[in-house]
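Numbering of residues begins at 1 and proceeds along the displayed sequence.
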Amino acid sequence: MSGVGSIADGGHAPVLSERQAARNVILTAAIAGLGGLLFGYDTGVIAGALLFIKPDFHLGAFDAGLVVSAVPIGAVCRRRDLGSPLGRLGGRP
């Protein structure tokens with residue numbers, strides 16, 4: 001490390017060059033865009049599958065809503081469960 005303490009300890013945040021800051025902004029925007037793209041694709045797949053699931057399982061409007069919301073809710077729960085172990089494996093000390 002460069003001897004820079006955390007901001008909570010009274011240290012200073014590391015200073016980024018303009019090039020590093022621009023790279024971070026582009027990377028953050030690309031990751032957010034990819035997340036939105038995957039969420040939209042997932043929603044489209046669920047909507048297409050729902051056309052076949054509703055008649056087979058005789059789902060009403062509420063039941064169809066539960067089917068559609070199960071995938072994002074499952075992703076959030078999985079992220080919550082795996083957040084700490086993955087943070088320990090790949091996080092900074």
Which residue is it: Ile73, Leu50, Thr43, Ile53? I am looking for the one with a side chain to side chain contact (heavy atoms under 4.5 Å, CB included) to Val68.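 Result for side chain to side chain contact (heavy atoms under 4.5 Å, CB included) with Val68: Leu50.
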Is it true that Phe57 and Val67 fall in one hydrophobic cluster, defined by side-chain heavy atoms closer than 4.5 Å?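 Yes.
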Rounded to the nearest 0.5 Å, what separation is found between the CG atom of Asp42 and the CG atom of Leu37?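 That separation rounds to 11.0 Å.
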Straight-line distance of Lys54 NZ to Asp63 CG, nearest 0.5 Å: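 Result: 9.5 Å between the selected atoms.
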Kindly give the heavy-atom pair with the smallest separation between Ser69 and Pro72, and that separation in Å.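 Nearest heavy atoms, Ser69 then Pro72: O-CD, 3.4 Å.
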Looking at every non-hydrogen atom in both residues, tell me the closest pair between Leu59 and Ala64 and how far apart they are.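 Result for this residue pair: CB-N, 4.2 Å.
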Partners passing side-chain contact (heavy atoms from CB on, under 4.5 Å) against Ile31 (at least two apart in sequence or in another chain):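 side-chain contact (heavy atoms from CB on, under 4.5 Å) list for Ile31, sorted by chain: Leu27.
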